Amino acid sequence: MALDNEKPYHICGGLQDNGSWCGPSQTLTRDGIVNDDWQVIHGGDGFYAAIDIVEPWIVYTESQDGHIDRRDLRTGEQRSIRPEAKAGEPHYRFQWNSPVAVSAHEHTTVYYGGNYLFKSTDRGDNWTRLGGDMTTGVDRNKLQIFGKTPDKNTLSRHDGVQEYPTITTLSESPLTPNVLWVGTDDGNVQVTRDGGKTWKNVASKVPGVPKGTYVSRVVASKTGEGAALLAFDGHRGDDNGVYIFTTSDYGENWKAIRNGIPDSAGSVHVAREHPRNTNLLFAGTEFGLWVSWDRGANWTALKNNFPTVPVDDIEIQARENDLVLGTHGRSVWVFDDLTPIEKMDANVAGSPLTFFPPRPAITWHLRNRRWSAGQKMFTAKNPPYGAILSYYLKEAVPPEAPKKDKEEKDNKDAAEEKPKTEAKGDAAEKKEGKVKITVLDKDGKVLRELEGPGAAGVNRTNWDLRSTPPAEPTPEQLEAIAAGYGFGPRGPFVEPGEYTVKIKAGDKEASQKVMVEEDTRIAISAADRTARREMIDQLYPMAKTTDKDRKTIEGIQIALKAAREQWKKDAGKPKLPDDIVKAADELQKEVDAVAERFIREREGLGNAGPPLEWKPDPLPNQVQNLLDDLDGFVAAPDGQQKEKLAELTPLVSDASAQVKKIAEEELPALNKKINDAGIPHIVPAPPPPRGGRGGEEEFEQ
């Protein structure tokens, strides 16, 4: 596999029998990564891919037996750059899976392995051989198979593998281009310190490995110019031993580092060190993935939801700190943000609470891909949206004590019990409580308060880069969100900049800074950004006000209506004073008129036609729609938006004043008369559940 540095970054790699492909690690659509997001970049059997680190549209790909191309992803054009021997010279031998690498020091320099190591400084247009044949040069046709020398009558000779012996793995030192390593399928391990002028075969210095064992991977290390990791795969010779080593002196001495990887793990296919924490190593074997925090002294299986499969390749996207795995038969896997694994040590394990530094988060503006793609559409998940927050708890947060207060129960019954929103599989009885997460701006103002899992060990949640929603989701909206639909109000995105995130678990607290970046596709001037934010800042409190007023007036409307209906039912009992009945009737008319500005009456099921009388949207809807409109397009407000804000401002102010007058003056006045008459007074009811705003919410958020 190969990774670029785009945002989002891309993954390229080969599939057995199915060519080579490139696809994104994340899409900017709400449904995730689908088949259409991947493109074929090479035919045949797919193997290594290498991406130009400066111009990522240039990708080197190859199929079996050394057929390497350079492809321009912008145009789709490709050029064969396969090294060819000159007339009269023996042809070059290339492995079924020939390694290719782009230099870390000069992006137009490429290395390619055959029986020679080839180097090109012009992207494969011209090649130079570095030294002589890297292999033993044995004539495979003279090697016996089951005691017999193969001839023209041997069926499936060499199992279809065209050439042997050849280079199987190569690596350039990240510290200097002068140090190069090569491993071969006939057991050679070659190293040069002078850019390929002279080489030394150090295979004989590796202890305990049968001579001629296939070298599956050599990886030059950042720990020193002479340092490297080395792995062998002997299964072709019925040897499933675990062979993984390290050196610090150009291969003069090798140390076995397999403690903790059992014999049952099978052959080692790949080893990789973390680009920053060089004590952190990963190894891929025939049966799984392994991690070491002490540079191979001890290994542990890394599972989570990762299956037990052959791990053929491991790459780490350094900027994102993502672990990317190429597996045999089970696709590409990405572990988003390795920080908890990178930073894990004894100090973390012994601390009550550790909040790992979040990586920068990007305010991606997601879109819908399509309305429907059929029930068999394959979709891979995108990474969690926004800032990924990872933290370690030595002990689980204690669960909150069950609330059994009778008054609370009565209130709950009055409001109707909210639907459960726990994900499937959650235990009915919570085993642990939640941590409290607070997001603050540079001035210390609280922008968002969240809850996160409180289990012992490493926990992870995400902040969606938004402020607190101006309104609480209704019970139906909560139920829809739990089912995977994104109904519900949202706060606006925060502006690009630095924010503080605090995590509190019991009496322990930790904080980290997180940098929020703008969507890379968006260009906006500082003046336009300021104008947009000023309008959002006007609308946000307006949305809070209209939602609060809606709840207030609706509660009064419901309670008043219920009281008047009850009075009618109790008509045979002592008669109510006429002035109270008249005052209640008049207040009902006033309340209904004001409520019309905040609430849209529901129509019966099946009523698809227009209303008999057109009325403007309720004020909360109008304010939220304008807020959503600004939130969904990063630009200065347009003329219509400015006009709409100017129109809404006095309407909201006037309607809010009417609600306040009813709630604080007129209802109390009526209640005084009612109390004086010895009748139970009217208590505003909690509003009933209402349907959510429809259909384009980002449920990932």
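Model, not experiment: these values are computed from the prediction.
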Mind checking the [atom1]-[atom2] spacing from [X] to [Y]? Nearest 0.5 Å is all I need.
X      : Y      : atom1 : atom2 : value
Glu498 : Leu440 : CD    : CG    : 12.0 Å
Leu338 : Arg276 : CG    : CZ    : 9.0 Å
Phe355 : Thr339 : CZ    : OG1   : 10.5 Å
Tyr9   : Asp322 : OH    : CG    : 3.5 Å

For the side chain of [X] and the backbone of [Y], is there at least one donor-acceptor N/O pair under 3.5 Å apart?
X      : Y      : value
Asp528 : Ile524 : no
Arg272 : Ala283 : no
Arg532 : Leu630 : yes
Glu342 : Leu280 : no

> After noting the C-alpha distance and the side-chain angles of Asn368 and Thr29, does the key distance pass the side-chain contact (heavy atoms from CB on, under 4.5 Å) rule?
Replying inline: CA-CA 5 Å; Asn368 284 335; Thr29 60; over 6 Å; no

> Does atom CD of Glu495 have more than 12 heavy-atom neighbours from other groups under 6.0 Å away?
Replying inline: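 Atom CD in Glu495 is crowded, with more than 12 foreign heavy atoms closer than 6.0 Å.
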
> If you measure only the distance, is there a donor-acceptor pair under 3.5 Å linking the side chains of Gln624 and Asp547?
Replying inline: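 The criterion, which ignores hydrogens and geometry beyond distance, is not satisfied for Asp547 and Gln624.
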
> Does a donor on one side chain and an acceptor on the other come within less than 3.5 Å for Ser221 and Glu273?
Replying inline: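 There is such a pair between these side chains.
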
> Hey, mind stepping through His365 and Phe493 against ring pair (Phe, Tyr, Trp, His ring centres under 6.0 Å) and telling me if it holds?
Replying inline: CA-CA 10 Å; His365 292 267; Phe493 280 122; 5.4 Å; yes

> So, for Phe282 and His274, is the gap between ring centers shorter than 6.0 Å?
Replying inline: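 Here the rings of His274 and Phe282 have centres that are no less than 6.0 Å from each other.
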
>> Working note: Asp638 + Lys642, criterion salt bridge (Lys or Arg N to Asp or Glu O under 4.0 Å); need CA distance, chi angles, decisive distance, verdict.
In response: CA-CA 6 Å; Asp638 62 30; Lys642 293 176 182 177; over 6 Å; no

>> Glu451 and salt bridge (charged side-chain N to carboxylate O under 4.0 Å, His left out): which single residue from Lys434, Lys504, Lys436 fits?
In response: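 Among Lys434, Lys504, Lys436, the one that satisfies the salt bridge (charged side-chain N to carboxylate O under 4.0 Å, His left out) with Glu451 is Lys436.
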
>> Evaluate Asp336 against Arg460 for salt bridge (Lys or Arg N to Asp or Glu O under 4.0 Å), listing each step before the verdict.
In response: CA-CA 11 Å; Asp336 297 301; Arg460 175 169 283 183; 5.7 Å; no

